[in-house]
Amino acid sequence: MEKMIKIKSKIENLREVEKFIDDITAELNLSNEIYGNILISVLEAAKNAIVHGNKNDISKNVEIKVRKEKENLDFFIKDEGNGFDFNTIPDPTALENIEKVNGRGVFLMKKLSDDIEFKEEGRLVKITFNT
């Protein structure tokens, strides 16, 4: 199984991503726990793509693909931005970052997924869930 959705870079369009996830998890009859992990992780990745990748430029798109293979469900979130160095993301659990309101998205994605990879200089993130 493989499906794809493409949205314009507007925060309001995250609703379309949520519906996309709802439909997929219902079709695959996934548990509430896996659904929650997918929802938070993929929405965070899509939000990062809109805000940080595409800089809220509605002429740019965010593409989200999902692929089911055997025990894995892989989500690919891609933006049209300049990319970023994912190795320099500050640790949100470090004392100097604890009270910051931003900077927890990638941390959450790592904690809630079974694997995460950044590709294409950070313009593409692959998030894997074991189902």
| note | On a heavy-atom basis, the closest approach of M1 and L73 is CE-CD1, 4.4 Å
| request: Measure the shortest side-chain to side-chain distance between F20 and V66 over non-hydrogen atoms and say whether it is less than 4.5 angstrom. | output: yes
| said: Quick check: closest heavy atoms across D114 and N130, and the distance to 0.1 Å? | reply: OD2-N, 2.6 Å
| remark: On a heavy-atom basis, the closest approach of R123 and N82 is NH1-O, 3.5 Å
| query | Going from CD on E80 to CD on E63, what distance comes out if it is rounded to the nearest 0.5 angstrom? | reply | 8.5 Å
| task | Would you mind checking if K68 and E27 are paired as a salt bridge, meaning a charged N to carboxylate O distance below 4.0 Å? | result | no
| Between atom CD of E117 and atom OG1 of T128, what is the distance when rounded to the nearest 0.5 Å? | 6.5 Å
| task | State, yes or no, whether a side-chain contact exists between F118 and V106 at a heavy-atom distance under 4.5 Å. | result | yes
| query | If you draw a 6.0 Å radius around NZ in K126, do more than 12 non-hydrogen atoms from other residues or ligands fall strictly inside? | reply | yes
| query | Side chains of L14 and K47: closer than 4.5 Å at any heavy-atom pair? | reply | yes
| query | NZ of K60 to CG of D79: how many Å apart, nearest 0.5 Å? | reply | 8.5 Å
| field | Heavy-atom donor-acceptor pair, S41 side chain to I38 backbone, under 3.5 Å | value | no
| query | Minimum heavy-atom separation for L112 to F129, with atom names? | reply | O-CE2, 3.7 Å
| query | Rounded to the nearest 0.5 Å, how far does CD1 of I77 lie from CD1 of I64? | reply | 6.0 Å
| query | Can you find a heavy atom in the side chain of I5 that is under 4.5 Å from one in the side chain of K19? | reply | no
| request: Verify, without hydrogens or angle tests, whether N13 (side chain) and K8 (backbone) share a donor-acceptor contact under 3.5 angstrom. | output: yes
| query | About how many Å separate CG of D115 and NZ of K110, when rounded to the nearest 0.5 Å? | reply | 11.0 Å
| task | Identify the two heavy atoms, one from I7 and one from E16, that lie closest to each other, and give their separation to 0.1 Å. | result | CG2-OE1, 3.7 Å
| message | Quick check: do D22 and Y35 have side-chain heavy atoms less than 4.5 Å from each other? | response | yes
| note | Residues K70 and T131: closest non-hydrogen pair is O-OG1, 4.4 Å
| task | Rounded to the nearest 0.5 Å, what's the gap from CG on L108 to CD on E44? Could you check? | result | 5.5 Å
| Any sub-3.5 Å donor-acceptor pair from N54's side-chain atoms to G81's backbone N or O? | yes
| Other residues, nucleotides, ligands: >12 heavy atoms within 6.0 Å of E120 CD | yes
| said: Within the 3.5 Å criterion, strictly below it, is a donor on S9 or N56 matched to an acceptor on the partner's side chain? | reply: no
